[in-house]
Amino acid sequence: MKFLLLVCWDVKRMDAQPEPGPTATPKKEESFPWLDDLQAQGRWITGDQLAPPRRARSVRVRDGKPIVTDGPFVETEEAVGGFDIIECGSLDEAVEIAARQPVARSGRIEVRPLWGN
């Protein structure tokens, strides 16, 4: 069963990160024990860090016309800053994995089963 882990953390810290330049080279891979462990077990499918909310756009279609706004404008201190998709046997097991994610100590991890294919 696949689960989406929404990694939510401090918006101010996300906004303080520098923008990657057009010729930015990928960061040297750092050791991330939580991820290393999941990869070794074959449970981690994919994941990535997201740009801060200030770089997002929200799209709605009303009366057949797209309405695009900056944001979302976050009214809380935390916002989705990344995600992981994992494979495990149950929601309880996914919650146990999420509890070991380092960001859970200062932010929160929302765990949702994927209902698609």
Side-chain angles (χ1 to χ4, degrees):
M1 190 175 214
K2 291 179 184 158
F3 292 87
L4 173 65
L5 307 183
L6 294 170
V7 181
C8 304
W9 54 291
D10 187 275
V11 173
K12 289 180 184 174
R13 286 182 50 204
M14 279 190 266
D15 281 338
Q17 293 179 318
E19 295 278 332
T23 59
T25 56
K27 292 184 213 176
K28 181 183 174 195
E29 290 296 317
E30 298 177 28
S31 176
F32 195 45
W34 177 83
L35 180 58
D36 296 342
D37 185 44
L38 287 179
Q39 287 174 326
Q41 296 173 27
R43 293 175 183 263
W44 190 81
I45 297 170
T46 191
D48 209 339
Q49 183 176 354
L50 300 175
R54 66 181 161 76
R55 298 281 291 153
R57 300 296 177 267
S58 292
V59 179
R60 295 171 177 83
V61 176
R62 300 296 184 264
D63 297 321
K65 296 181 182 178
I67 301 168
V68 180
T69 56
D70 291 344
F73 292 103
V74 180
E75 296 181 16
T76 64
E77 293 181 11
E78 294 177 352
V80 177
F83 71 95
D84 293 287
I85 297 178
I86 62 171
E87 180 94 34
C88 56
S90 68
L91 179 59
D92 289 340
E93 190 176 351
V95 167
E96 289 173 16
I97 291 169
R100 293 192 302 265
Q101 215 284 5
V103 173
R105 293 182 191 108
S106 60
R108 69 182 163 85
I109 311 298
E110 184 175 331
V111 180
R112 290 195 191 179
L114 293 179
W115 282 1
N117 294 323

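Position 1 is the first residue of the sequence; numbering continues from there.
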Checklist entry - Who passes side-chain contact (heavy atoms from CB on, under 4.5 Å) against L35, sequence neighbours left out? => result F32, Q39, W44
Next on the checklist: Side chains of Q49 and Q17: any donor to acceptor distance under 3.5 Å?
Outcome noted: yes
Item to check | Residues clustered with I67, ILVMFWY side-chain links under 4.5 angstrom | outcome: none
Checklist entry - Going through the checks in order, is the side chain to side chain contact (heavy atoms under 4.5 Å, CB included) test met by E93 and M1? => result CA-CA 10 Å; E93 190 176 351; M1 190 175 214; over 6 Å; no
Checklist entry - Could you walk me through whether F83 and L4 pass the side chain to side chain contact (heavy atoms under 4.5 Å, CB included) check? => result CA-CA 7 Å; F83 71 95; L4 173 65; 3.9 Å; yes
Item to check | With R43, the side chain to side chain contact (heavy atoms under 4.5 Å, CB included) member among I85, L38, D84 | outcome: L38
Checklist entry - Side chains of I45 and I86: does their closest heavy-atom pair fall under 4.5 Å? => result no
Item to check | From CG (D92) to CD1 (I97), nearest 0.5 Å | outcome: 11.5 Å
Item to check | ILVMFWY cluster, L50 and L6 together (side-chain gap under 4.5 Å) | outcome: yes
Item to check | All side-chain contact (heavy atoms from CB on, under 4.5 Å) counterparts of V68, not counting sequence neighbours | outcome: R57, V59
Item to check | salt bridge (charged side-chain N to carboxylate O under 4.0 Å, His left out) assessment of K12 paired with E77 | outcome: CA-CA 8 Å; K12 289 180 184 174; E77 293 181 11; over 6 Å; no
Checklist entry - With sequence neighbours excluded, what pairs up with R13 under the side chain to side chain donor-acceptor pair (under 3.5 Å) test? => result none
Next on the checklist: On a heavy-atom basis, which atom in V111 and which in A98 lie closest, and how many Å separate them?
Outcome noted: CG2-CB, 3.6 Å
Checklist entry - What residues, two or more places apart in sequence or in another chain, satisfy side chain to side chain donor-acceptor pair (under 3.5 Å) together with D10? => result none
Checklist entry - Quick one: does R112's side chain have a donor or acceptor within less than 3.5 Å of a partner on L5's backbone? => result no
Item to check | Shortest non-hydrogen contact from A94 toward F3 | outcome: CB-CG, 3.6 Å
Please tabulate, for side-chain N and O atoms in residues 100-109, each donor-acceptor pair with protein atoms closer than 3.5 Å (sequence neighbours left out).
| from | atom 1 | to | atom 2 | distance (Å) |
| --- | --- | --- | --- | --- |
| Q101 | OE1 | V103 | N | 2.6 |
| R108 | NE | E78 | OE1 | 3.2 |

Checklist outcome for this item: Value for CE (M14) from CH2 (W9), rounded to nearest 0.5 Å, stands at 5.5 Å
